[in-house]
Asker: 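What follows is a single structure, and I will ask about it in a moment.
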Amino acid sequence: MPKAGKKYEAASKQVEPRPYSLNEAVPLVQKIKFTKFDETVELHMRLGVDPKHADQMVRGTVVLPNGLGRSKSVLVIASGDKQREAQEAGADFVGGDELVAKIQGGWIEYDAVIATPDMMRSVGKLGKVLGPRGLMPNPKTGTVTQDVATAIKEIKAGKVEFRVDKTGVIHAPVGKVSFATDKLLENASTMIQAVIRAKPAAAQGKYVKSVTLCSTMGPGIHLDTVVFNAKQL
């Protein structure tokens with residue numbers, strides 16, 4: 001392991017070895033930031049699920065009330081009138097089979113992908129490209145839909161997809177360190193509640209095992225999970 005830098009170590013010393021409330025953690029993340037760029041604030045939630053079992057998969061979407069601090073570039077794969085609808089709704093890239101071919105060639109300059117149901121036969125070829133990046137359109141997350149205009153507007157407004165990884169952890173952005181503290185706090189709380197609501201019926205025991213809040217380059221701040229697990233009772 002490379003040795004942590006002096007600025008990181010100085011930031012770490014300001015984090016006490018105890019669980020923090022969300023109200024304490026958010027302003028502390030902002031206070032100990034030491035880089036010059038506007039870092040993303042991230043939530044990392046370890047859950048008491050085994051994602052190897054389909055009935056314990058945790059995934060969903062949530063529209064953060066204060067956005068993410070930047071507008072996502074949205075690609076829409078559709079045909080006919082739905083292409084015009086997507087363009088009018090503000091999609092950054094719109095097309096049909098020609099876009100599928102471009103993506104198959106390795107093009108990845110977009111943040112979200114929406115497809116209409118009639119195009120899924122073609123889009124299905126993109127699993128190896130889009131799947132590892134979490135961008136494969138899915139009806140459960142609202143990205144396979146006839147209502148492309150609504151899907152585009154939600155993503156542009158700050159819609160975030162979350163999905164537990166193979167180790168049982170959800171990693172999700174909740175804003176930028178430059179956000180007003182109350183707005184960042186509202187975003188983080190909204191994300192946590194969305195994950196709690198997505199608890200699978202098959203999950204046994206303690207659902208929220210740990211929650212860490214951090215900025216892109218900053219040290220992690222461990223949150224008190226008692227309140228999050230109590231809200232499931």
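Bear in mind that the values here come from a model prediction, so they are computed numbers and not experimental data.
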Asker: Is it true that atom CG of Asp55 has more than 12 heavy atoms of other residues, nucleotides or ligands lying nearer than 6.0 Å?
Answerer: yes

Asker: Give a yes or no on whether Val74 and Val62 share a hydrophobic cluster (residues Ile, Leu, Val, Met, Phe, Trp, Tyr; joining criterion: side-chain heavy atoms under 4.5 Å apart).
Answerer: no

Asker: I'd like to know if the side chain of Lys156 reaches the main chain of Lys72, judged simply by a donor and an acceptor atom lying under 3.5 Å from each other, with no hydrogens or angles considered.
Answerer: yes

Asker: If you draw a 6.0 Å radius around CZ in Arg121, do more than 12 non-hydrogen atoms from other residues or ligands fall strictly inside?
Answerer: no

Asker: Distance check, rounded to the nearest 0.5 Å: Ile155 atom CD1 versus Thr143 atom OG1?
Answerer: 7.0 Å

Asker: To the nearest 0.5 Å, how far apart are CZ in Arg133 and CG in Leu126?
Answerer: 11.5 Å

Asker: Exactly one of Val123, Val129, Ile108 should register a side-chain contact (heavy atoms from CB on, under 4.5 Å) with Ile103. Which one does?
Answerer: Val129

Asker: Does the side chain of His44 come within less than 4.5 Å of Leu213's, by heavy atoms?
Answerer: no

Asker: Tell me whether Gln87 contacts the main-chain N or O of Glu85 through its side chain, where contact means a donor paired with an acceptor under 3.5 Å.
Answerer: no

Asker: Give, for atom OG1 of Thr141 and atom CZ of Phe162, the distance between the pair rounded to the nearest 0.5 Å.
Answerer: 10.5 Å

Asker: Is Lys102 salt-bridged to Glu98, going by a charged N under 4.0 Å from an acidic O?
Answerer: no

Asker: Does any N or O in the side chain of Ser12 come within less than 3.5 Å of the main-chain N or O of Pro219, such that one atom is a donor and the other an acceptor?
Answerer: no

Asker: Flag the pair Glu39 and Lys176 as a salt bridge only when some basic side-chain nitrogen lies within less than 4.0 angstrom of an acidic carboxylate oxygen.
Answerer: no

Asker: Hey, does the side chain of Ser73 reach the backbone of Asp111 with a donor-acceptor pair shorter than 3.5 angstrom?
Answerer: yes

Asker: Could you work out, with ring pair (Phe, Tyr, Trp, His ring centres under 6.0 Å) as the rule, every residue matching Tyr110, not counting sequence neighbours?
Answerer: Trp107

Asker: Given 3.5 Å as the limit, does a donor-acceptor pair link the side chain of Lys33 with the main chain of Phe37, or not?
Answerer: yes

Asker: Among Thr212, Leu22, Val29, exactly one meets side-chain contact (heavy atoms from CB on, under 4.5 Å) together with Ile221. Which residue is that?
Answerer: Val29

Asker: Has Gln14 got a side-chain atom pairing as donor or acceptor with Ile32's backbone, closer than 3.5 angstrom?
Answerer: no

Asker: If we ignore hydrogens and angles and just use 3.5 Å, is the side chain of Asn187 paired with the main-chain N or O of Asn66 as donor and acceptor?
Answerer: yes

Asker: Any side-chain heavy-atom pair from Ile114 and Pro137 closer than 4.5 angstrom?
Answerer: no

Asker: To the nearest 0.5 Å, how far apart are CD in Gln104 and NZ in Lys128?
Answerer: 11.0 Å

Asker: May I ask you to decide if Phe179's main-chain N or O and Gln30's side chain share a donor-acceptor pair within less than 3.5 Å?
Answerer: yes

Asker: Determine whether a donor-acceptor pair (N or O, by modelled atom type, separation under 3.5 Å) exists between the side chain of Ser21 and the backbone of Glu24.
Answerer: yes

Asker: CG/Leu47 to OG1/Thr225 distance, rounded to the nearest 0.5 angstrom?
Answerer: 11.0 Å

Asker: How many angstroms lie between atom CG of Leu43 and atom CD1 of Ile170, to the nearest 0.5 angstrom?
Answerer: 10.0 Å

